[in-house]
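See below for the structure under consideration.
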Amino acid sequence: MELREGTKVTCLKCGKGIYKPAGADYKTAHSFLCDKCNDEVRFTPNVTVE
């Protein structure tokens, strides 16, 4: 997953901004925001309860 590795990913909505982690570092963030238009990409962690 490129966002979690810190790779600069261009915004899919505006095409100008870069997604940055919201309130955390790249490896632990579940939400990324575009620095230009505030478009958001969210990841839901997979949790297995046994």
Side-chain angles (χ1 to χ4, degrees):
M1 195 174 303
E2 292 182 21
L3 283 171
R4 299 296 288 283
E5 293 171 357
T7 304
K8 292 183 180 181
V9 177
T10 304
C11 178
L12 300 173
K13 185 175 180 181
C14 72
K16 298 177 183 176
I18 303 291
Y19 288 110
K20 305 234 177 177
D25 65 356
Y26 284 94
K27 291 185 180 188
T28 60
H30 295 287
S31 182
F32 293 83
L33 296 172
C34 171
D35 60 356
K36 300 290 183 190
C37 72
N38 286 328
D39 184 44
E40 184 175 21
V41 174
R42 290 186 185 176
F43 295 101
T44 305
N46 292 331
V47 178
T48 303
V49 178
E50 295 182 22

Taking all heavy atoms of [X] and all of [Y], pick out the closest pair and write down the distance.
X   : Y   : result
T10 : Y19 : O-CE1, 3.7 Å
C11 : C37 : SG-SG, 3.7 Å
K36 : K16 : CG-C, 4.1 Å

Do the side chains of V41 and Y26 join up, straight or via other hydrophobic residues, at under 4.5 Å, putting them in one cluster?
->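 Linked, V41 and Y26 end up in one cluster.
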Do the side chains of F32 and L12 join up, straight or via other hydrophobic residues, at under 4.5 Å, putting them in one cluster?
-> yes
Straight-line distance of D25 CG to K20 NZ, nearest 0.5 Å =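 So the gap between those two atoms works out to 14.0 Å.
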How long is the span from the SG atom in C14 to the CG atom in N38, to the nearest 0.5 Å?
-> 9.5 Å
Counting distance only, does the side-chain N/O of R42 pair as donor-acceptor with the main-chain N or O of H30 below 3.5 Å?
->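 The answer is no, because no donor-acceptor pair under 3.5 Å joins these two groups.
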State whether the side chain of D35 and the backbone N or O of I18 hold a donor-acceptor pair below 3.5 Å, judged by distance alone.
->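 Such a contact is found between D35 side chain and I18 backbone.
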